[in-house]
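Notes for the one structure printed next.
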Amino acid sequence: MKKRLEVLLRSAIDALISRGEIPTDVQAEVMVEHTRDARHGDFATNVAMTLAKAMRGNPRSVAEKIIEALPGDSAVVKTEIAGPGFINFFIDPQAQFGIIPQIIEAGHEFGRSEFGAGKRVQVEYVSANPTGPLHVGHGRGAAYGSAVAKLLAAAGFEVHREYYVNDAGRQMDILAASVWLRYLEECGEVLVFPSNGYRGEYVRDIAQSLHKAVGLGLRHPSSAVTDHLPPDEPEGGDKELHIDAIVARTKALLGSEDYRRVFGAGLDSILDDIREDLFEFGVAYEEWFSERGLTESGAVERALEKLRVAGHLYEKEGAIWFASAALGDEKDRVVVRENGQMTYFASDIAYHMNKLERGFDRIINIWGADHHGYIPRVKAAIQALGADPSKLDVLLVQFAVLYRGEERVQMSTRSGEFVTLRQLRNEVGKDAARFFYVMRKSDQHMDFDLKLATSRTNENPVFYVQYAHARICSVFRQLDEKGLPRDLLQGMQHLQRLCESHETDLLASLTRYPEVVESAALQQAPHHLVNYLRELAAELHAYYNACQFLVEDAALRDARLNLIAAVRQILVNGLGLLDVSAPESM
RNA sequence: GCGCUUGUAGCUCAGCCGGAUAGAGCAUCGGCCUUCUAAGCCGAGGGUCGCAGGUUCGAGUCCUGCCAAGCGCGCCA
């Protein structure tokens with residue numbers, strides 16, 4: 001309907017232009033919006049005011065001319081000029097009824113559009129380092145990313161979901177060393193665990209499994225590991241130097257084959273855990289992309305070579321730098337360290353080059369907000385590789401501050417003191433967690449109160465929406481129990497009986513659904529869909545309390561049943577996009 | 001210090017490219033269950049949209065300055 005009005009207005013304006021009433025050089029975008037106040041009709045446009053501005057004319061007289069040139073449409077019963085120059089449209093209620101058969105016929109497909117025209121979009125999200133289980137901070141990225149992916153798919157894009165696995169680099173080496181030290185403890189060795197090692201209980205679990213699998217095969221006396229190391233922080237030393245020395249010692253003592261075994265035990269175990277965790281959370285991927293694979297295939301060298309040829313690399317102080325400052329970054333960045341090691345950024349350049357080579361029309365990275373300083377250098381890299389940086393959108397997910405009631409919860413993966421995503425799911429369930437996470441604008445700081453999220457009873461709005469669905473299901477169960485007949489066709493023929501204010505409200509909301517899905521997809525804003533579903537549920541609950549559905553009058557009953565069946569379908573479709581279930585009873 | 005993000009009701013947050021009287025949930029207060037699930041509904045109170053300027057027919061929304069908060073500023077990942 002919105003689009004229909006926009007077309008009408010466009011043709012009216014074109015007619016005025018061809019008649020010379022509006023200068024051809026005046027550009028006005030035609031925008032129609034739903035009115036907030038029913039007294040202003042159903043739809044309104046401010047186009048006369050924007051035109052008047054460009055023409056330096058009177059908005060109301062421009063509005064008059066537009067209305068005069070407006071082609072007739074059976075659905076529009078009245079137009080009026082209001083306020084400073086709004087054009088308000090009053091729509092024939094009869095025209096709104098068509099939405100019900102449309103929804104019933106399209107079923108699960110209703111709300112999907114071809115807007116994206118099959119353009120290929122890659123969405124990368126979560127991509128947490130496999131050095132420990134996912135915590136509640138990752139959960140928001142997971143819920144947000146998968147909702148954005150589903151919305152884009154619903155809007156007609158071809159979506160490729162991806163998890164970038166940082167299975168190489170120093171953090172993974174520290175994990176491997178941590179596993180091995182715990183393994184030595186399992187073997188009966190006594191040692192002081194490094195302050196910068198991974199101290200979580202899960203490391204011990206991995207070590208125990210390793211111990212069970214290989215027995216004492218990887219044992220070395222603890223003195224061989226710890227003698228002559230630079231001091232750790234508690235002894236007044238540097239924790240980074242200390243842990244690096246332990247990593248080096250671990251590699252030297254184990255040899256490459258055994259080291260790989262320990263490394264693999266840690267990586268595989270944690271990655272399996274992450275996979276399972278996300279699967280249970282309803283978060284899926286087309287691809288788990290390995291950083292190590294990138295290194296081993298020579299893609300990193302290839303990327304750097306490409307930058308070198310294009311003249312973006314230089315050498316300074318023994319390191320190789322990428323001249324990103326010239327491309328909008330704060331400063332230049334090191335890609336190969338003095339010691340010959342590639343930086344994390346180097347493999348990230350290669351990863352983005354790989355994304356570009358795969359021919360995606362759009363690349364979306366969903367990152368924690370603490371990575372925002374990283375965006376300019378990645379954009380610079382894309383530009384230096386000869387591609388268009390605007391192809392990449394980085395969406396930041398803010399997690400902000402975690403509370404348990406009044407008390408602030410400190411989180412650190414290293415220390416092992418954090419709330420895992422799995423703990424949250426066990427406490428509140430998948431549905432509440434998914435809903436809670438995408439309820440708020442993603443880049444907004446928010447206080448996440450675990451006590452609130454885990455309160456199962458009243459606070460969580462997910463139950464409110466699910467309850468609306470369950471209530472509708474319950475009505476249909478009652479229909480069966482009372483042995484009342486339902487005639488779908490008769491209901492469709494008597495939709496004009498739906499003239500209660502609650503019914504017209506619901507009809508208007510149902511009409512909006514496809515627009516909501518589309519705009520939520522384009523803005524990567526699933527919280528718009530959440531808000532919509534809460535409003536739709538509120539209208540349903542109000543309707544439920546005000547009107548009886550299972551009335552004697554069969555024609556009216558069938559019409560009402562068709563209306564609530566359509567509402568149920570929208571609730572199912574909308575919740576489905578958020579991966580929240582729609583239970584038939586609660 | 002510089003950069004990014006944010007500041008809306010007691011609390012947590014919406015507010016779609018600038019639009020008509022700024023909204024919701026929670027909390028508080030008062031009503032509604034012999035009739036389709038009360039995890040619900042109906043109603044009331046509660047606001048200088050951080051502060052000060054500016055842009056214009058019109059600003060919570062755009063611009064500038066200030067104040068406050070979060071995050072980021074490694075040859076870490």
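Bear in mind that the values here come from a model prediction, so they are computed numbers and not experimental data. So that the names make sense, note that chain A is the first sequence line, chain B the second, and so on, each numbered from 1.
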Ion pair present between A/R333 and A/D329, side-chain N to carboxylate O less than 4.0 angstrom? yes
Under 4.0 Å, counting only non-hydrogen atoms across every strand here, what does A/Q548 touch: a base, just sugar-phosphate, or nothing? base
For A/E240 and B/A77, what is the distance between atoms CD and P respectively, to the nearest whole Å? 11 Å
Listed nucleotide nearest any side-chain atom of A/R440, set B/C17, B/A77, B/C13: B/C13
Determine whether the aromatic ring centres of A/F322 and A/Y314 lie less than 6.0 Å apart. no
Would you indicate which nucleotide in B/C41, B/C36, B/G15 comes nearest to any side-chain atom of A/Y464? B/C41
Just call it for A/H372: base, sugar-phosphate, or nothing, with non-hydrogen atoms closer than 4.0 Å on any strand. base
Which is true for A/N88 with a 4.0 Å heavy-atom rule: it touches a base, it touches only sugar-phosphate, or it touches nothing? base
Can you tell me which nucleotide in B/A77, B/A20, B/G15 comes closest to the side chain of A/H40? B/A20
Tell me what A/Y374 touches on the nucleic acid: a base, only sugar-phosphate, or nothing, going by heavy atoms under 4.0 Å. base
Give A/A525 one of three labels, base, sugar-phosphate or nothing, depending on what nucleic acid heavy atoms sit under 4.0 Å from its own. nothing
Which base sits across from B/U48 as a Watson-Crick or G-U pair, both distances under 3.5 Å? none
Can you check the A/N545 CG to B/G31 C1' distance for me, whole Å? 13 Å
Heavy atoms only, 4.0 Å cut-off, all strands: where does A/N166 land among base, sugar-phosphate and nothing? nothing
Which part of the nucleic acid, if any, lies within contact of A/R333, taking any heavy atom under 4.0 Å across all strands shown: a base, the sugar-phosphate backbone alone, or nothing? nothing
Name the closest nucleotide to the A/Y544 side chain, picking from B/A14, B/A38, B/A77. B/A38
Roughly, in whole Å, what's the span from CZ in A/R557 to C1' in B/U35? 15 Å
Nearest whole angstrom, please: distance from the P of B/G25 to the NE2 of A/H527. 17 Å
Under 4.0 angstrom, heavy atoms only, what part of the nucleic acid is A/A542 near: base, sugar-phosphate, or nothing? sugar-phosphate
At 4.0 Å (heavy atoms only), tell me whether A/A468 reaches a base, stays on the sugar-phosphate, or touches nothing. nothing
Just to be sure I understand the rule, does A/H528 reach a base, reach only the sugar-phosphate, or reach nothing, if contact means heavy atoms closer than 4.0 Å? sugar-phosphate
Given that both distances must come in under 3.5 Å, which nucleotide forms a Watson-Crick or G-U wobble pair with B/G40? B/C32
For B/G53, the Watson-Crick or wobble counterpart (both distances under 3.5 Å): B/C63
Base-pairing assignment for B/C11 (Watson-Crick or G-U wobble, both under 3.5 Å): B/G25
Donor-acceptor under 3.5 Å (A/T79 side chain, A/F90 main chain): no
Both distances below 3.5 Å, Watson-Crick or wobble geometry, any strand: find the nucleotide opposite B/G74. none
Contact class for A/C473 vs. all strands (heavy atom < 4.0 Å): base, sugar-phosphate, or nothing? nothing
Among B/C36, B/U12, B/C75, the nucleotide that comes nearest once only the side chain of A/E317 is considered: B/C75
Which nucleotide wins on minimum distance to the side chain of A/D370, given the candidates B/A77, B/G72, B/G70? B/G72
